> 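My structure is below; once you've seen it, I'll send some questions.
All heavy atoms count here, side chains included; hydrogens, waters and symmetry mates do not. Fair warning: this is a prediction, and the values are worked out from it, not measured in the lab.
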Amino acid sequence: MSHPATPRVTRPRTVLAMSGETRAAILAPEALDRLARVADLDPRILVTDFGADDPAQRTGLRQAEVLFTGWGCPPLDPAALSAMPRLRAVVHAAGSVKHHITQDVWDRGITVSTAATANALPVAEYTVAAILFANKNILESARVYRAARSRVNLLERFPGVGNYRRTVGIVGASRIGRRVIELLRPYDLRVLVHDPYLDGTDARTLGVERAELDILAAESDVVTIHAPELPDTRNLFDAPRLALMRDGATLINTARGSLVDTEALVKEAATGRLNAVLDHTEPEVLPADSPLYDLPNVLLTPHIAGSQGGELHRLADAAVDELERYAHGLPFAHAVDPRTLHQQA
């Protein structure tokens, strides 16, 4: 009786390619030790420029089977790939691969993995916290209490607050959008989703209602954006669409700043009609005189929703998990599909 062959376990020659700051933040000593057990790795080699005149780097890249990348990895263009004739896989210890994975990578048949699923978790957690706080009108109630410094008549000042049977609109059934949906399940909320790629069966499985974007904007108490940055999504929330939102509604943006017309949002928020929670803006760092810093109905955070601090170690763990699968001859659990990459952030 024959038995299935046991996959051959290897220690693939691996090279790190990311900024020094990224390496220090993501690869704690424990992660580096585990990486060194899984892969044949020279930790002294850190590629920040594929064209650097460094004999050790050139030798390392020439022998590399796997590139272990992170934020700050240069683009893998033809010149870079020519230095890595044995390259078979790229394991990215971060989210989007669009900054360094080029068409040349796919043309060479190189497989790519990303830790985007792991990076989605803290963004979704931030979003859910913002949704729950928005529906409780936390910013305004704290401001009123600070000004009064005495008992506040809540029924009089905030008669409509709360999360019971409120409507949340999710723009984009992406990794993050789906994780937000999952985390919202314990709450008594109506969840609308707009995504051109979401069909009725998938929506029923997720337990959400599909909605056209204008209907979602008009009916939601909170709108949260999780769509990718594409030419078609630029200024997705422009002046007319912001005007559709309910008085007192909250717009949350943890996606790209370009999806919201900043000037239009400033005008709406300045009237006090809408609230906003913004972790991404356009430009990414607003000018010092932007009203969004000071408007009492706007919570502006410095791109903190994604993996930060100890959460970065989750990215390293996820990436090493993928490299270990590769070493055991298994397919990546989180492979990037070039056919759908244009739909992703």
> Measure from the side-chain N and O atoms of R325 to the backbone N and O of D321, and report whether any donor-acceptor pair falls under 3.5 Å.
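No, the answer is negative, given that no donor and acceptor are paired below the 3.5 Å cut-off.
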
> Evaluate I170 against H226 for side chain to side chain contact (heavy atoms under 4.5 Å, CB included), listing each step before the verdict.
CA-CA 7 Å; I170 296 175; H226 304 291; 3.9 Å; yes

> Once you round to the nearest 0.5 Å, how far does CG of N137 lie from CG of L139?
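Rounded to the nearest 0.5 Å, the CG-CG separation comes out at 8.0 Å.
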
> Would you say R88's side chain and R86's backbone share a donor-acceptor pair under 3.5 angstrom?
yes

> Check the hydrophobic clustering (I, L, V, M, F, W, Y; side-chain heavy atoms under 4.5 Å; chains of links allowed) and say if L315 and V91 are grouped together.
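Shared cluster, yes.
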
> Classify the side-chain pair T301/D279 by whether it contains a donor and acceptor separated by less than 3.5 Å.
yes

> Can you give me the closest heavy-atom contact between I45 and A56, atom names plus distance?
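That closest heavy-atom pairing would be CD1-O, 3.5 Å.
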
> With a 3.5 Å distance limit and no angle check, can you tell me whether S307 reaches the backbone of L312 through a side-chain donor-acceptor pair?
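Not a single qualifying donor-acceptor pair exists.
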
> More than 12 non-hydrogen atoms from neighbouring residues, nucleotides or ligands closer than 6.0 Å to CD on Q103, yes or no?
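Enclosed.
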
> Go through it in stages, so that I can follow the logic: the residues are L213 and L236, the test is side chain to side chain contact (heavy atoms under 4.5 Å, CB included), and I'd like the CA-CA distance, side-chain angles, deciding distance and then a yes or no.
CA-CA 9 Å; L213 188 54; L236 193 65; 3.7 Å; yes

> Measuring from atom CD1 of I110 to atom CG of L87, what distance do you get when rounded to the nearest 0.5 angstrom?
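One gets 4.0 Å once the value is rounded to the nearest 0.5 Å.
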
> Counting neighbours of CZ on F133 that are heavy atoms of other residues, nucleotides or ligands and sit closer than 6.0 Å, is the number greater than 12?
no

> Quick test of your reading of the model: are D195 and R178 salt-bridged, counting only N-O distances below 4.0 Å?
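Answer for the salt bridge query: no.
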
> Check this for me: does any side-chain nitrogen of one of D199 and R210 sit under 4.0 Å from a carboxylate oxygen of the other?
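A salt bridge is absent here (no side-chain N lies under 4.0 Å from a carboxylate O).
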
> Using atom types as modelled and distance alone, determine if a side-chain donor or acceptor of N253 lies under 3.5 Å from a backbone N or O of R256.
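Looks like yes, one N/O pair under 3.5 Å.
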
> Determine the minimum heavy-atom distance between A269 and N297, stating which atoms define it.
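Result for this residue pair: O-ND2, 3.0 Å.
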
> Does T111 reach the main-chain N or O of A89 with its side chain, forming a donor-acceptor pair under 3.5 Å?
no

> Kindly compute the distance separating CD1 (I176) from CG (N119), expressed to the nearest 0.5 Å.
7.0 Å

> Side chain to side chain contact (heavy atoms under 4.5 Å, CB included) for T167 and L192? Distances and angles first, verdict last.
CA-CA 7 Å; T167 299; L192 305 180; 3.8 Å; yes

> Ion pair present between R273 and E268, side-chain N to carboxylate O less than 4.0 angstrom?
yes

> Quick check: is L265 connected to L259 through a chain of hydrophobic side chains (ILVMFWY, heavy atoms under 4.5 Å apart)?
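Linked within one cluster.
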
> Should the heavy atoms of other residues, nucleotides or ligands under 6.0 Å from OH of Y293 be counted, would the total exceed 12?
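Yes.
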
> For the atom pair CE (M84) and CG (L61), what is the distance rounded to the nearest 0.5 Å?
5.5 Å

> Between atom CD of Q57 and atom CG of D42, what is the distance when rounded to the nearest 0.5 Å?
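So the CD of Q57 and the CG of D42 are separated by 11.5 Å.
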
> For atom CZ of R151, decide whether the heavy atoms of other residues, nucleotides or ligands shown that lie under 6.0 angstrom number more than 12.
no

> Under 4.0 Å between a side-chain nitrogen and a carboxylate oxygen: does that hold for E30 and R34?
no

> Do you reckon Y164 sits in the same ILVMFWY cluster as V161, going by side-chain contacts under 4.5 Å, direct or chained?
no

> Please answer whether the main-chain N or O of A255 pairs with a side-chain N or O of H280 as donor and acceptor at a distance below 3.5 Å.
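Yes; at least one donor-acceptor contact below 3.5 Å.
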
> So if you build clusters from Ile, Leu, Val, Met, Phe, Trp, Tyr with side-chain heavy-atom gaps below 4.5 Å, do L295 and L286 land together?
yes

> Do H92 and T69 pair up side chain to side chain, a donor and an acceptor below 3.5 Å, judged on atom types alone?
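Judged by distance alone, the side chains do pair up.
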
> Could you check whether any side-chain N or O of T233 sits under 3.5 Å from a backbone N or O of P228, counting only pairs where one atom can act as donor and the other as acceptor?
yes

> Mind checking the CG-CG spacing from L27 to L32? Nearest 0.5 Å is all I need.
5.0 Å

> What pair of heavy atoms forms the shortest contact from T254 to A305, and how long is it?
CG2-CB, 4.1 Å

> Assess, by modelled atom type and distance only, whether the side chains of E322 and H334 contain a donor and an acceptor separated by less than 3.5 Å.
no

> So which atom in S19 and which in T48 form the shortest heavy-atom distance, rounded to 0.1 Å?
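The answer is CA-CG2, 4.2 Å.
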
> Does a side-chain N-to-carboxylate-O contact under 4.0 Å join E324 and R37?
no

> Looking at T14 and A39, would you say the former's side chain and the latter's main chain have a donor-acceptor pair under 3.5 Å?
no

> After noting the C-alpha distance and the side-chain angles of L251 and F237, does the key distance pass the side chain to side chain contact (heavy atoms under 4.5 Å, CB included) rule?
CA-CA 10 Å; L251 179 70; F237 276 77; 4.2 Å; yes

> Do you know the tightest heavy-atom contact between P283 and T281?
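Nearest pair, atom of P283 first, then T281: O-OG1, 2.7 Å.
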
> Would you kindly say whether S258 and E282 are connected by a side-chain donor-acceptor distance under 3.5 Å?
no

> Less than 4.5 Å apart, any side-chain heavy atom of Y326 and any of E65?
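Y326 reaches E65 side chain to side chain.
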
> Look at the side chain of S82 and the backbone N and O of A79, then say whether any donor-acceptor pair between them is shorter than 3.5 Å.
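It does hold such a pair.
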
> CZ of F158: more than 12 outside heavy atoms within 6.0 angstrom?
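Yes, because the 6.0 Å sphere around CZ of F158 holds more than 12 heavy atoms from other groups.
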
> To check you understand the geometry: which heavy-atom pair defines the closest contact between N235 and D261, and what is its length?
OD1-CA, 3.3 Å

> Hey, is CZ on R143 packed in by over 12 heavy atoms from elsewhere, all under 6.0 Å?
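More than 12 heavy atoms, drawn from other residues, nucleotides or ligands, come within 6.0 Å of this atom.
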
> Side-chain heavy atoms under 4.5 angstrom apart, residues restricted to Ile, Leu, Val, Met, Phe, Trp, Tyr: same cluster for I138 and V298?
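I138 and V298: separate clusters.
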
> In this structure, which one of K136, R165, R246 forms a salt bridge (Lys or Arg N to Asp or Glu O under 4.0 Å) with D221?
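Going through the options one by one, the only one that passes is R246.
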
> Test your reading of the model: is there a side-chain donor-acceptor pair from R241 to the backbone of D238, 3.5 Å cut-off?
no

> Please determine whether a side-chain nitrogen of the Lys or Arg among E311 and R314 lies less than 4.0 Å from a carboxylate oxygen of the Asp or Glu.
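Salt bridge absent between E311 and R314.
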
